[in-house]
2 protein chains.
Amino acid sequence: MTTSREIAQLCGVSVATVSRVFNQPSTVSRQTRERVERVARELDYRPNESARALASKRSTLVGLVWDTDHRRPGWRHPFLQDLLLGLKSALSAHGYHLLMLATSGAETGSANLPAVGASLADPVAYVNMTRRHHLGGLILIDSGSDAAAFAAFAQSGIPCVALDVAIEGPRATYVTSDNTDGAEQAVRHLIAGGHRRIATITGPPDNQPAIDRLAGYRRAMAEAGLPVPEEYVAEGDFYRASGQAAMRRLLALGEPPTAVFAAGDEMAVGALLTAREAGLRVPGDVALAGFDDIEIAALVDPALTTVAQDKAGFGVAAAEAMLAMINGSGGDTPAPRRLPTRLVVRSST
Amino acid sequence: MTTSREIAQLCGVSVATVSRVFNQPSTVSRQTRERVERVARELDYRPNESARALASKRSTLVGLVWDTDHRRPGWRHPFLQDLLLGLKSALSAHGYHLLMLATSGAETGSANLPAVGASLADPVAYVNMTRRHHLGGLILIDSGSDAAAFAAFAQSGIPCVALDVAIEGPRATYVTSDNTDGAEQAVRHLIAGGHRRIATITGPPDNQPAIDRLAGYRRAMAEAGLPVPEEYVAEGDFYRASGQAAMRRLLALGEPPTAVFAAGDEMAVGALLTAREAGLRVPGDVALAGFDDIEIAALVDPALTTVAQDKAGFGVAAAEAMLAMINGSGGDTPAPRRLPTRLVVRSST
DNA sequence: CTGAAAGCGCTTACAG
DNA sequence: CTGAAAGCGCTTACAG
């Protein structure tokens with residue numbers, strides 16, 4: 001590994017000048033700058049990240065908080081792969097790397113070293129990791145009910161971008177899909193298909209996207225002047241089994257719905273299975289729409305009408321917000337972003 | 001952030017002693033050690049990672065090489081989420097974090113700073129990143145045809161663990177499923193079901209798991225004394241569309257197979273769709289088995305018989321191999337691991 | 001068993 | 001525009 005000292009010697013300048021060429025190029029004369037740049041390129045020089053972070057207190061790392069504790073409900077993210085891909089490529093384009101922060105398992109840490117992993121039960125641990133590594137900020141992926149911990153991060157002053165959960169703080173923002181609008185589109189589509197008895201299967205009541213999707217359902221129903229009897233709002237938890245259970249309850253009703261909007265595709269698939277078991281034709285006897293457009297949505301029979309999110313765009317938007325805060329002058333925290341969704345009509349409606 | 005200096009002052013010792021308590025505890029008297037440990041715990045002290053890495057030349061980071069260049073064929077990993085989960089939790093348990101290394105996009109790097117991202121076309125860039133960040137090693141995920149680049153990493157002396165691709169080098173090893181055995185199990189199962197005309201849809205011919213699965217198919221066929229006409233080996237690329245195309249070719253044969261083993265579930269699903277289109281009943285007219293046990297395998301109709309890999313165990317095994325090399329005395333590179341697979345019989349056979 | 005000192009490779013005021 | 005110097009917070013021979 002070539003060091004700044006070697007470059008400096010070869011160019012007949014001090015290491016300070018070499019450093020300036022890469023950090024405040026405008027303060028260096030064009031002549032020296034070009035000389036240093038050329039030699040650096042030839043020797044494939046790049047500053048040592050540990051030294052740079054130590055001296056400048058800023059690294060090129062952005063932390064990812066994604067609690068994978070087995071003991072958590074830990075629902076699988078509907079599109080983690082695309083999300084990571086978007087995050088990573090947008091960060092990469094600006095020279096940043098994504099650090100998946102260790103989460104403390106039961107017996108984290110060696111016998112001697114203090115524990116290294118963090119748990120969302122103890123947000124301070126993450127804050128400490130952020131400072132020890134001089135991370136540029138934290139990207140927060142909700143794994144179920146991390147809102148409280150995320151709020152703590154947001155207050156710490158560390159740049160934070162949360163996905164699908166609203167946070168606020170001096171340097172905190174979030175990215176989400178326009179869940180309300182997406183749900184509204186789906187329910188309007190059902191209404192346009194002639195349905196009037198339309199039920200919904202919701203996500204967990206403390207989950208923001210779930211709340212917003214329910215609001216979209218209610219709004220579309222209200223717009224059309226359709227009633228929403230209490231029993232038509234069946235609670236689920238985004239998992240398939242809860243969709244099955246909710247669908248059984250709906251079908252057992254005196255006046256069962258002729259259409260169901262499930263706030264997540266997994267639940268929609270569960271509802272589909274239950275309808276099939278009950279001998280109902282989909283969409284003939286009951287129409288079904290979901291949310292997320294996960295891979296299996298297109299594959300079940302009948303293929304599921306659903307609301308697609310901009311999966312990779314989600315990651316890109318989060319990365320952009322983070323970079324804006326890192327490079328920004330400080331006061332300019334980006335506003336929350338609400339990405340548009342798109343109704344994908346298939347044969348289940 | 002409390003520093004080692006503060007701890008030292010509070011304990012009335014030198015920073016050297018504080019450092020020793022955490023790095024070579026046996027060289028410190030029990031009395032001082034306990035005092036330092038207590039104070040450190042009270043102040044929630046943990047060493048600054050940048051400083052530690054700079055001074056010791058070793059960090060608590062392990063790099064993940066996963067090329068996500070859009071221009072690559074970039075087939076989606078069949079179970080990236082579980083893989084990451086396994087990796088992350090096993091690394092976390094030993095205080096290591098996973099660093100997703102930036103890949104150079106088209107225009108990586110700011111105007112002034114040298115480009116930061118690396119491309120597999122230029123393995124040296126990754127090697128440099130490894131040294132600049134003092135990474136403990138590199139975990140290599142193949143995204144299609146990275147074998148050449150991976151071989152270069154393996155020769156660099158950096159601890160490397162590849163997933164599903166065989167590498168060798170002074171400190172290199174790999175983890176894979178027992179693909180041959182898994183395929184053999186699947187094909188034996190078809191044979192046991194009375195089939196004799198059994199075809200296979202393969203993965204790319206340069207892909208190691210694809211090669212091994214084909215070998216397993218051949219072995220099972222040979223064991224049973226069944227012929228394998230050339231046309232019964234239909235090449236695919238692991239994607240669904242290739243499974244459809246291959247299935248069409250197989251069905252057009254003079255003597256079409258009565259059973260097909262696809263070397264990947266996506267292709268098996270493609271084959272299933274094609275069979276359905278052709279008006280064939282599965283498994284009545286043609287039985288189908290896949291490989292991977294991805295989520296949709298259980299969901300298609302009929303549900304797919306397939307070979308399940310130990311998804312999270314994959315990540316754990318890779319992490320363990322890496323940790324063994326990092327903490328090992330040096331000479332002891334772990335032997336490649338071949339994880340057992342498990343046949344999951346469903347209704348497509 | 002412990003401390004003083006050098007050093008890891010940078011960055012950043014401070015002078016000039 | 002440039003350099004000398006201090007410093008970032010640790011670790012690690014080297015003495016004692």
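Just so it is clear, the model here is predicted, and its values are computed rather than measured. Residue numbers begin at 1 in each chain, while the letters A, B, ... track the order of the sequences.
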Inset, instruction - Report yes if at least one side-chain N or O of Ser14(A) is closer than 4.0 Å to OP1 or OP2 of dG3(D); otherwise report no. - result: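 For Ser14(A), the contact criterion (side-chain N or O under 4.0 Å from OP1 or OP2 of dG3(D)) is met.
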Under 3.5 Å donor-acceptor, [X] side chain and [Y] backbone:
X	Y	answer
Thr130(A)	Leu135(A)	no
Gln9(B)	Glu6(B)	no
Ser92(A)	Lys88(A)	yes
Thr333(A)	Ala172(A)	no

Inset, instruction - Determine whether the side chains of Ser59(A) and Glu49(A) contain a donor N or O and an acceptor N or O closer than 3.5 Å. - result: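 No pair is found: no donor N or O on one side chain lies under 3.5 Å from an acceptor on the other.
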Inset, instruction - Consider only side-chain N and O atoms of Asn327(A) and His94(A), and report whether a donor and an acceptor are under 3.5 Å apart. - result: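 Note: Asn327(A) and His94(A) side chains miss the donor-acceptor criterion.
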Legend entry - Nucleic acid footprint by protein, nucleotides 9-16 of chain C - heavy-atom cut-off 4.0 Å, B for base, S for sugar-phosphate alone: BBBBB---
Inset, instruction - Would you please name every residue forming a side-chain contact (heavy atoms from CB on, under 4.5 Å) with Thr32(A), sequence neighbours left out? - result: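 So Thr32(A) forms a side-chain contact (heavy atoms from CB on, under 4.5 Å) with Val13(A), Val28(A), Ser29(A), Arg35(A).
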Inset, instruction - Go ahead and write out DNA chain D as dot-bracket, 5' to 3': ( ) for pairs within the strand, [ ] for ones crossing earlier pairs, | when the partner sits on another strand, dots for unpaired; Watson-Crick or G-U wobble, both distances under 3.5 Å. - result: |||.||||||||.|||
Inset, instruction - Step through it carefully: locate the ring centre of Tyr174(B), locate the ring centre of Phe150(B), and say whether they are under 6.0 Å apart. - result: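 Centroid separation for Tyr174(B) and Phe150(B): 6.0 Å or greater.
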